Amino acid sequence: MKIKFIDSIGNELDFNNPLIFNKSFYPKIQLWKTKFNSAKIDKFGVSGSFETGDLTIESDSIPVNMYFIAQSDIEFRRCYNFVANFFKPNNRPFYIVDTDNSIRAKIRIEELSPKYKGEGQEHRLADATLTFSLLDALWETTQLVSQTNSIVAPDYTFTINTKDINAIPIYDCLPIFTITSTGFNPNLTLTNLTNEISINLSDANFTTGSILKIDSNTGLIMLGSNLKSSIKTGGYFLKLEDGVNQIRVQCLNDVTIKTEYRRRFIA
């Protein structure tokens, strides 16, 4: 698996930079280590969102070796800090990308450990190990799938087909709905009739030309540029199933809905 790292806005840690990395190097994952809980703990106990007890996963550890071009300690520190600065907290979340299959997974950075390979008094080639773990067992496509539908009030149903063209089974998709109103819509309900999940939205400011963004992935709702979590008055954020999904929209006036999603896989 050939890989790269990106941040929340798509910035890429460039392994092809000849001033930092060995030109012949392309990072690959080493052995993937998973640690299980082995202590005798009450099987009904919980710690945060993870169940504790025998055979539950405590952590996973995935190391990646990086080879720098460095002919001195100063040069090594420059290369080393180049990588460390990429993983700034304000750039989270970070993703590992499988470039062979165009899928990605959200990760947590655990450690960047330096090593040296010395020749005489100089470090002509130096390396470091970056260790991370997965925040989600699911991988997702790197490209967003997008479609736009014109919705006729007061009750309209449209379809979204998430089936993968390569027939790879999909676990689910977490959609982003961007809704543009053509009139006054103080109440709006979206329902995925395929799995019977609904979300109810209510706000007197959702008027002609207003744009409402409902992000099921982050759990955020935006009205224009304002975060408006209080708009959700009932139900749950929607998810899309593998195959054809029927989305029912109930509103007072017509709207346009842009749907974006990434297919998520068990990979």
Side-chain angles (χ1 to χ4, degrees), residues 1-39 47-119 122-142 168 171 262 264-267:
M1 180 196 300
K2 292 182 179 179
I3 63 170
K4 65 180 180 181
F5 297 99
I6 61 173
D7 64 14
S8 59
I9 56 177
N11 294 318
E12 181 179 328
L13 181 57
D14 185 6
F15 290 110
N16 294 314
N17 187 333
L19 299 177
I20 303 294
F21 298 103
N22 185 334
K23 293 180 182 179
S24 62
F25 167 68
Y26 206 108
K28 294 184 179 180
I29 288 178
Q30 297 183 56
L31 291 177
W32 189 332
K33 300 178 182 178
T34 301
K35 184 178 180 181
F36 294 90
N37 285 308
S38 59
S47 175
S49 60
F50 297 95
E51 184 179 1
T52 59
D54 290 347
L55 298 183
T56 55
I57 294 177
E58 180 177 306
S59 64
D60 54 17
S61 180
I62 308 169
V64 174
N65 280 346
M66 299 183 184
Y67 300 94
F68 301 120
I69 298 295
Q71 295 184 354
S72 67
D73 285 345
I74 293 175
E75 280 296 295
F76 176 79
R77 286 194 295 270
R78 182 182 66 85
C79 297
Y80 184 80
N81 288 331
F82 174 85
V83 175
N85 286 333
F86 179 81
F87 295 103
K88 293 178 180 177
N90 58 329
N91 292 340
R92 292 180 298 189
F94 300 105
Y95 298 87
I96 181 175
V97 179
D98 175 355
T99 60
D100 290 332
N101 298 293
S102 297
I103 56 177
R104 71 181 195 177
K106 191 179 294 186
I107 61 173
R108 175 179 59 246
I109 302 301
E110 295 182 351
E111 184 179 44
L112 180 61
S113 301
K115 298 179 182 179
Y116 290 98
K117 294 181 179 180
E119 293 184 11
E122 296 179 340
H123 302 288
R124 298 193 179 277
L125 182 64
D127 67 339
T129 299
L130 177 70
T131 304
F132 64 93
S133 59
L134 298 181
L135 285 174
D136 193 337
L138 300 179
W139 292 66
E140 62 185 16
T141 54
T142 55
I168 300 175
Y171 184 82
R262 287 184 168 90
R264 305 204 306 162
F265 308 89
I266 300 175

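These numbers come from the heavy atoms of this one structure, side chains and all, not from hydrogens, waters or symmetry mates. These numbers were taken from a predicted model, which means no experiment stands behind them.
Taking the side chain to side chain contact (heavy atoms under 4.5 Å, CB included) definition, one finds that Leu112 meets it with Tyr80, Val83, Ala84, Ala128, Leu130, sequence neighbours left out. Residues satisfying the ring-ring contact (aromatic ring centres under 6.0 Å, His included) criterion with Phe86, sequence neighbours excluded, are absent altogether. Among residues two or more places apart in sequence or in another chain, the ring-ring contact (aromatic ring centres under 6.0 Å, His included) test is passed with Tyr95 by none. Partners of Arg104 according to the side chain to side chain donor-acceptor pair (under 3.5 Å) rule, which considers only residues two or more places apart in sequence or in another chain, are Glu140. For Ser113, the side chain to side chain donor-acceptor pair (under 3.5 Å) partners at least two apart in sequence or on another chain are Glu111. In this structure, the side chain to side chain contact (heavy atoms under 4.5 Å, CB included) partners of Asn90, at least two apart in sequence or on a different chain, are Lys88. The salt bridge (Lys or Arg N to Asp or Glu O under 4.0 Å) search around Arg78 returns Glu75, not counting sequence neighbours.
Taking CG from Leu134 and NZ from Lys106, the interatomic distance works out to 12.0 Å, rounded to the nearest 0.5 Å. Glu110 contributes atom CD, which lies 8.5 Å from atom CD1 of Ile62 (distance to the nearest 0.5 angstrom).
Residue pairs that meet the side-chain hydrogen bond (donor to acceptor under 3.5 Å, both in side chains) test with at least one member in residues 6-15, sequence neighbours left out, are Lys4-Glu12, Asp7-Asn11.
Between Phe82 and Phe68, the ring centre distance reaches or exceeds 6.0 Å. Ring-centre distance between Phe94 and Phe87: below the 6.0 Å cut-off.
A side chain to side chain contact (heavy atoms under 4.5 Å, CB included) with Ile6 holds for exactly one of Ile96, Val97, Thr142; it is Val97.
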Step-by-step side-chain contact (heavy atoms from CB on, under 4.5 Å) determination, Ile266 to Leu138: CA-CA 5 Å; Ile266 300 175; Leu138 300 179; 3.5 Å; yes
Ile107/Ile109 under side-chain contact (heavy atoms from CB on, under 4.5 Å): CA gap, chis, key distance, verdict: CA-CA 7 Å; Ile107 61 173; Ile109 302 301; 3.8 Å; yes
